[in-house]
There are 2 protein chains.
Amino acid sequence: MKARIHITLKTGVLDPQGKAIGHALEGLGFEGVSEVRQGKVIDLDLAETDEARAREQVRAMCERLLANTVIENYAIDLSQ
Amino acid sequence: MKARIHITLKTGVLDPQGKAIGHALEGLGFEGVSEVRQGKVIDLDLAETDEARAREQVRAMCERLLANTVIENYAIDLSQ
């Protein structure tokens, strides 16, 4: 089973990297970009084939290691 | 219009950050994780409302700034 995890900063948490990208895009002449936020995406190959158990396992990975839940949200997508 | 861009390393390009995450997960006792790859996700708010033009604009941003197309792939998802 494959898992894709999106880890993004919570709303209200300052995102200097996103701001820098926004300024760089503006400097290159791209207009109409009002907000830029950067996050991480992690792709996992899991041996687990049951979706509920896989989701629970990935949730535990996010809570313990992958995401800093004080400032970050995570979203888990599973596919076969 | 909102755009979500996934930037991931091409197959075959070494991903030390992904490897480090894999080892850390193993160290925490998570089993059955055979591969880990880490990438970036960038969320943009665009003033453009036409989907074709927005896609073309974001594609240009990826080619010129956001992705290093020698070693990275990018995928663009648009939503209203």
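Letters A, B, ... mirror the listed sequences (proteins, then strands); counts begin at 1.
Your options are B:T8, B:V36, B:I5, and the one with the most heavy-atom pairs under 4.5 Å with chain A is B:V36. Chain A forms the most heavy-atom pairs under 4.5 Å with one residue out of B:M61, B:Q38, B:E31, and that residue is B:M61. Contacts with chain A were tallied for B:Q57, B:K2, B:R37; B:R37 has the most, counting heavy-atom pairs under 4.5 Å.
A side-chain contact (heavy atoms from CB on, under 4.5 Å) with B:V33 is found for one member of A:V58, A:L44, A:D45 and no other, namely A:L44.
Following chains of ILVMFWY side-chain contacts shorter than 4.5 Å, one can reach A:L28 starting from B:Y74, so the two form part of one hydrophobic cluster. A continuous path of ILVMFWY side-chain contacts below 4.5 Å connects A:L46 to A:I7, so both sit in one hydrophobic cluster. Transitive grouping of hydrophobic side chains (ILVMFWY, heavy atoms separated by less than 4.5 Å) keeps A:L14 and A:I71 in distinct clusters.
Within a 6.0 Å radius of NZ in B:K10, more than 12 heavy atoms belonging to other residues, nucleotides or ligands are found.
Expressed to the nearest 0.5 Å, how far CD1 of A:I21 lies from CD1 of B:I42 amounts to 4.0 Å.
Using a 4.5 Å cut-off between heavy atoms, B:A3 makes no contact with chain A at all. Within the 4.5 angstrom heavy-atom criterion, no atom of B:Q17 approaches chain A. Of the two parts of A:L66, only the side chain, counted from C-beta on, holds a non-hydrogen atom closer than 4.5 Å to a non-hydrogen atom of chain B.
Two residues are said to be in side-chain contact when any heavy atoms from C-beta on lie closer than 4.5 Å; B:R4 and A:V41 fail this criterion.
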